Amino acid sequence: MRFNKILIVGLGQLGLPVAKYVKEKGFDDVYGYDISPKAIDRAEKTAGIKKVTDFSDFDVYIICVSTHKPEDMFSPYIEGLLSVIGRISKEAKRNGALVSIESTIPRGTSNKVLEILGHRLHVAHAPHRWYALEEKEHGVNQLRVVGGVYDCCLEAAMQFYNGGNSSSGVSNSNNSDDNNNVIEANNNNDENNNINTNNNKPVTRTSLGIPMHPVSKIEVAEMTKTIENAHRYLQIAFAEDLYLYCQANNINFSELRDALNTKWNVNVLEPREGIGGHCLPKDTRMFLQSSKSIKSKILTAAVEVDQDYRRYRQARVSKSMLSPSLSSPASNFVEDRTQTEK
């Protein structure tokens with residue numbers, strides 16, 4: 001496969017770092033698109049990302065659009081993403097191009113994408129992991145999970161992201177004779193593909209150099225991101241619940257937390273203003289909505305705990321306005337990065 005011309009769709013908090021990283025890895029033909037002209041201008045000025053007028057002629061489409069409602073950042077919303085996929089379906093000319101979804105999506109979304117695109121293009125999901133304050137260690141280049149709708153989709157994604165193949169032994173149950181319906185990109189022109197086949201040496205391809213963990217079904221890749229953030233949500237909610245317990249029983253929470261965290265396998269987090277950002281609440285809700293037959297009781301309770309904690313904080317703030325000597329419950333809290341990870 002050739003990966004010469006790349007388009008990043010969505011140039012916000014996720015897409016811009018991705019575009020910068022792709023450019024830094026030596027890909028010269030890197031384009032970007034966003035519904036915000038300001039986002040496009042910022043990407044052009046800060047990273048040299050080229051503006052795009054259509055989606056017709058690309059080897060790779062990296063999808064980094066938001067998956068929350070425009071009017072409610074805590075509510076899952078994939079219509080915008082599916083709209084982008086619809087445009088790719090209409091305009092993409094290169095059969096066998098890779099469509100990699102890095103946005104956080106609910107289980108089953110990748111198959112909806114396949115229905116729109118058909119198997120003319122490869123569909124993969126590599127959910128992003130990124131933390132702005134430690135971008136060198138936990139930026140775009142950290143270990144990631146990847147899945148493909150079919151085996152050939154996974155192989156294409158593995159080639160692009162780390163230059164290898166899915167040699168971990170996974171087998172995609174969707175794999176069938178339908179794979180033959182994919183019209184692969186023309187690999188005969190070595191000059192265009194940057195592939196060295198002289199003297200039957202191993203084929204080398206330009207890649208992003210990101211370590212990847214392939215999974216057998218794309219639904220597993222879809223679920224990893226929402227569950228990662230749901231797990232973090234649960235950890236913070238426990239800290240909130242413990243804080244409320246301490247307040248009700250006249251126990252110093254900070255001292256208790258410090259004592260608990262002396263044990264090597266215990267790490268009680270800091271409650272702050274409530275579970276912050278939009279990723280943790282949105283992705284937790286996305287996971288809760290992913291199954292109609294069973295709901296996570298513990299996560300449902302965690303949502304209730306966070307609501308109780310917020311009400312308690314608000315009550316304390318109201319009292320402190322009447323009595324300035326009454327300190328806010330956040331007065332002894334320190335910054336905790338776990339609520340801002342992506």
Side-chain angles (χ1 to χ4, degrees), residues 3-92 97-105 109 113 116 125-136 138-142 144 208 210 225 229 273 276-283 285-286 337 339-342:
F3 306 121
N4 296 332
K5 196 172 181 181
I6 300 168
L7 173 63
I8 294 89
V9 182
L11 296 170
Q13 188 178 23
L14 165 63
L16 182 57
V18 171
K20 287 180 178 179
Y21 183 85
V22 174
K23 186 73 174 178
E24 290 168 357
K25 294 301 291 184
F27 291 87
D28 294 326
D29 238 3
V30 183
Y31 292 76
Y33 175 81
D34 197 286
I35 58 174
S36 167
K38 291 183 179 180
I40 296 175
D41 291 340
R42 181 174 64 245
E44 184 179 31
K45 293 177 181 177
T46 62
I49 306 303
K50 302 175 185 178
K51 295 181 180 179
V52 69
T53 56
D54 61 70
F55 291 2
S56 63
D57 193 28
F58 293 93
D59 302 307
V60 181
Y61 300 85
I62 303 178
I63 312 301
C64 300
V65 301
S66 298
T67 50
H68 61 78
K69 290 182 177 180
E71 70 280 4
D72 181 7
M73 66 178 183
F74 301 120
S75 296
Y77 174 85
I78 63 169
E79 280 71 12
L81 183 147
L82 295 179
S83 176
V84 168
I85 297 300
R87 181 173 175 181
I88 293 174
S89 177
K90 292 177 182 178
E91 299 182 18
L98 172 64
V99 176
S100 178
I101 305 169
E102 296 200 6
S103 305
T104 305
I105 53 178
T109 302
V113 169
I116 297 172
H125 179 43
H128 70 284
R129 287 173 176 164
W130 182 72
Y131 178 53
L133 299 182
E134 296 178 1
E135 192 166 357
K136 185 176 180 180
H138 300 109
V140 177
N141 62 330
Q142 66 181 295
R144 306 260 295 280
L208 295 181
I210 300 174
K225 183 61 184 180
N229 279 348
E273 296 85 359
H278 72 271
C279 288
L280 299 193
K282 171 183 68 70
D283 296 351
R285 189 178 300 183
M286 192 178 286
R337 71 181 181 89
Q339 297 196 40
T340 57
E341 289 179 354
K342 301 298 180 186

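Keep in mind that what you see is a predicted model, and the values were worked out from it rather than measured.
- Taking every heavy atom of both residues into account, Val30 and Ala19 meet most closely at CG1-O, 4.3 Å.
- Residues Gln13 and Trp130 share a closest heavy-atom pair of O-CZ3, 3.5 Å.
- For the atom pair CD1 of Ile49 and CZ of Arg42, the computed distance is 12.0 Å after rounding to the nearest 0.5 Å.
- Within the structure, salt bridge (Lys or Arg N to Asp or Glu O under 4.0 Å) pairs that include any residue of residues 7-19 do not occur (at least two apart or interchain).
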Take Ile62 and Val22 through the test side-chain contact (heavy atoms from CB on, under 4.5 Å) and record every step on the way to the result. CA-CA 10 Å; Ile62 303 178; Val22 174; 4.2 Å; yes
For Asn141 and Lys136, what are the C-alpha separation, side-chain angles and deciding distance, and is it a side-chain contact (heavy atoms from CB on, under 4.5 Å)? CA-CA 8 Å; Asn141 62 330; Lys136 185 176 180 180; over 6 Å; no
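- Shown here are the side chain to side chain contact (heavy atoms under 4.5 Å, CB included) partners of Ala126, two or more places apart in sequence or in another chain: Ser100, Arg144, Val146, Tyr161, Met212.
- Listed by chain and residue number, Asp72, Phe74, Ser75, Pro76, Gln289 satisfy the side chain to side chain contact (heavy atoms under 4.5 Å, CB included) test with Arg285 (two or more places apart in sequence, or in another chain).
- A distance of 4.0 Å separates CG in Leu14 from SG in Cys64, rounded to the nearest 0.5 Å.
- Contact between Gly12 and Pro17 at its shortest, heavy atoms only, is O-CD, 3.8 Å.
- In this structure, Lys5 and Asp57 have side chains that are in contact, with non-hydrogen atoms separated by less than 4.5 Å.
- Under the rule for a ring pair (Phe, Tyr, Trp, His ring centres under 6.0 Å), the partners of Phe58 that lie at least two apart in sequence or sit in another chain are Tyr31, Tyr61.
- For Ser36, the side chain to side chain contact (heavy atoms under 4.5 Å, CB included) criterion is met by Asp34, Lys38, Ala39, not counting sequence neighbours.
- One finds the CD1 atom of Ile8 at 10.0 Å from the CD1 atom of Ile63 (value rounded to the nearest 0.5 Å).
- You'll find the side chain of Tyr21 reaches within 4.5 Å of the side chain of Ile210, heavy atoms only.
- Judged purely by atom type and a 3.5 angstrom limit, Lys225 uses its side chain to pair as donor or acceptor with the backbone of His128.
- With sequence neighbours excluded, the residues that form a side chain to side chain contact (heavy atoms under 4.5 Å, CB included) with Ser89 are Ile116, Leu117.
- Interatomic distance, Phe3 CZ to Leu208 CG, rounded to the nearest 0.5 Å: 9.0 Å.
- The salt bridge (Lys or Arg N to Asp or Glu O under 4.0 Å) contacts involving residues 9-28 comprise nothing, where partners must be two or more places apart or lie in separate chains.
- Between His125 atom NE2 and Thr109 atom OG1 the span is 8.0 Å, to the nearest 0.5 Å.
- In this structure, Thr67 OG1 and Asp283 CG are separated by 6.5 Å, a value rounded to the nearest 0.5 Å.
- Residues in residues 32-51 take part in these ring pair (Phe, Tyr, Trp, His ring centres under 6.0 Å) pairs, two or more places apart or across chains: Tyr33-Phe55.
- By the salt bridge (charged side-chain N to carboxylate O under 4.0 Å, His left out) test, Lys50 is found to be paired with Asp29, residues two or more places apart in sequence or in another chain being considered.
- The salt bridge (charged side-chain N to carboxylate O under 4.0 Å, His left out) search around Asp54 returns none, not counting sequence neighbours.
- When side chains are defined from C-beta on, Leu82 counts as touching Val113, because their heavy atoms get closer than 4.5 Å.
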side-chain contact (heavy atoms from CB on, under 4.5 Å) for Thr46 and Leu16? Distances and angles first, verdict last. CA-CA 9 Å; Thr46 62; Leu16 182 57; 4.2 Å; yes
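- The salt bridge (charged side-chain N to carboxylate O under 4.0 Å, His left out) test applied to Glu91 returns Arg87, not counting sequence neighbours.
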